[in-house]
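Heads up: the structure comes next, in structure tokens.
From a predicted model like this one, the values you see are computed outputs, not experimental measurements. Along the sequence shown, residues are numbered consecutively beginning with 1.
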Amino acid sequence: MKLRTKELILCALFCALTAVGAQLTIPIPYGAITLQLLFMLLAGLMLPPLISFLSMAVYVLLGLVGAPVFAGFSGGFSSITSPTFGFVIGLALSAPLISVLFRALKKRWKLFPAALVAGLAGILVTYLCGAVYGYFVMTLVLTKEVTLWFILWNWCLIYLPFDAAKLLAAAAITPVLFKRIPGLR
């Protein structure tokens, strides 16, 4: 498949925005609150499924080969042993899901509610990836005993108010961007 110049630029833009968003952090005990999710949501809402996936996959691959694009300017293959790496994987899986769902919903709904529902589905997938991955790293790699409540609280619920605000922001920005950027429909 041959990508057009516009698609390559948008792919690189959202990859770069996600990398910058990862550095804007509020540390919490088992991770950090970042803006990665906001830019993944926008990538899913603004880009076609393949391009949104590529933007997040390139971000993940850049980090794995050592570029300091993950939170706290971290990167490298050893990142896979971090309990929060599942959220990074979740970004790459959620963006195309959001894109497909949003494109289907916006045919029947207004842009704002379609973006909210599609974004919520993406957040749930990201949380699922983060929680499952975090559980396995905590128990198998770090050999710590953790409960389901510990995982739900430290990998999902603590982030929920912040991620809800990011979802609302992305859903509010989406109709404006669709009006101002030709060719997004």
Side-chain angles (χ1 to χ4, degrees), residues 1-26 28 31-63 67 69-71 73 84 87-130 156-185:
M1 173 182 187
K2 187 174 181 180
L3 298 177
R4 297 180 309 193
T5 303
K6 177 183 172 184
E7 293 170 330
L8 289 171
I9 290 170
L10 289 170
C11 179
L13 173 67
F14 279 98
C15 177
L17 287 170
T18 305
V20 170
Q23 307 320 317
L24 305 170
T25 64
I26 300 171
I28 58 174
I33 297 165
T34 71
L35 290 181
Q36 290 165 298
L37 186 81
L38 173 65
F39 294 117
M40 180 277 295
L41 288 167
L42 288 170
L45 295 169
M46 298 292 111
L47 305 176
L50 177 63
I51 306 305
S52 65
F53 170 74
L54 287 175
S55 69
M56 294 300 111
V58 168
Y59 168 74
V60 173
L61 291 173
L62 280 172
V69 296
F70 298 148
F73 293 101
T84 58
F87 288 102
V88 175
I89 295 168
L91 297 176
L93 298 177
S94 296
L97 168 75
I98 292 169
S99 183
V100 167
L101 189 54
F102 178 64
R103 274 146 184 71
L105 292 174
K106 75 178 182 165
K107 293 175 184 172
R108 291 178 262 144
W109 297 355
K110 292 187 177 192
L111 292 177
F112 181 78
L116 276 178
V117 171
L120 181 60
I123 288 174
L124 293 175
V125 168
T126 303
Y127 278 17
L128 180 65
C129 291
C156 301
L157 297 178
I158 200 165
Y159 295 98
L160 195 56
F162 303 99
D163 292 343
K166 294 172 205 170
L167 174 58
L168 286 172
I173 292 168
T174 296
V176 174
L177 292 176
F178 267 76
K179 284 180 187 173
R180 295 190 181 213
I181 301 173
L184 281 181
R185 301 243 179 234

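Counting heavy atoms from C-beta on, the side chains of Cys129 and Leu93 come closer than 4.5 Å. Two residues are said to be in side-chain contact when any heavy atoms from C-beta on lie closer than 4.5 Å; Leu13 and Leu17 meet this criterion. The side-chain heavy atoms of Phe102 and Val117, taken from C-beta on, include no pair separated by under 4.5 Å. You'll find the side chain of Ile33 reaches within 4.5 Å of the side chain of Ile28, heavy atoms only. Side-chain contact between Met40 and Tyr59 is absent, with no heavy atoms from C-beta onward closer than 4.5 Å. Inter-residue side-chain proximity for Gln36 and Leu91 is flagged as met; some heavy-atom pair is nearer than 4.5 Å. Between Phe112 and Leu168, the closest side-chain pair of non-hydrogen atoms falls below 4.5 Å. Between Arg103 and Ser99, some side-chain heavy-atom pair lies under the 4.5 Å cut-off.
Here the shortest heavy-atom pairing between Ala118 and Leu45 reads CB-CD2, 4.5 Å. The heavy-atom pair separating Lys106 from Phe178 by the smallest distance is NZ-CE2, 3.4 Å. Ala92 and Ala57 make their closest contact through CB-N, 4.3 Å (heavy atoms, listed as atom of the first residue, atom of the second, distance). Nearest heavy-atom pair across Val69 and Ala22 is O-CB, 3.3 Å. Heavy-atom minimum distance, Leu167 versus Gly119: CD1-CA, 3.6 Å. Of all non-hydrogen atoms in Tyr127 and Asp163, the two that sit nearest each other are OH-OD2, 2.7 Å.
Annotation: the span from Leu116 atom CG to Leu120 atom CG amounts to 8.0 Å, rounded to 0.5 Å. Here the OG1 atom belonging to Thr126 is positioned 7.5 Å from the CG atom belonging to Leu41, to the nearest 0.5 angstrom. The distance from atom CG of Leu42 to atom CG of Leu47, rounded to the nearest 0.5 Å, is 9.0 Å. Taking CG of Leu128 as the reference point, atom CD1 of Ile89 lies at 11.5 Å (rounded to 0.5 Å). Arg4 contributes atom CZ, which lies 9.5 Å from atom CG of Leu10 (distance to the nearest 0.5 angstrom).
Checking side-chain atoms of Gln23 against main-chain N and O of Phe70 turns up a donor-acceptor pair under 3.5 Å. Although no hydrogens or angles enter the test, the distance criterion places a donor-acceptor pair under 3.5 Å between the side chain of Ser94 and the main chain of Gly122. The main-chain N or O of Thr34 is found under 3.5 Å from a side-chain atom of Lys166 such that the two form a donor-acceptor pair.
Classified by interplanar angle (parallel below 30°, tilted 30° to 60°, perpendicular above 60°), the ring pair Tyr159/Phe87 is tilted.
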Subject >> Pair Cys15-Leu62, side-chain contact (heavy atoms from CB on, under 4.5 Å): steps then yes or no >> reply: CA-CA 9 Å; Cys15 177; Leu62 280 172; 3.8 Å; yes
**OP:** Determine, step by step, whether Met46 and Leu177 satisfy the side-chain contact (heavy atoms from CB on, under 4.5 Å) criterion, reporting the C-alpha distance in whole Å, the side-chain angles of both residues, the deciding distance to 0.1 Å, and the verdict.
**Re:** CA-CA 8 Å; Met46 298 292 111; Leu177 292 176; 3.7 Å; yes
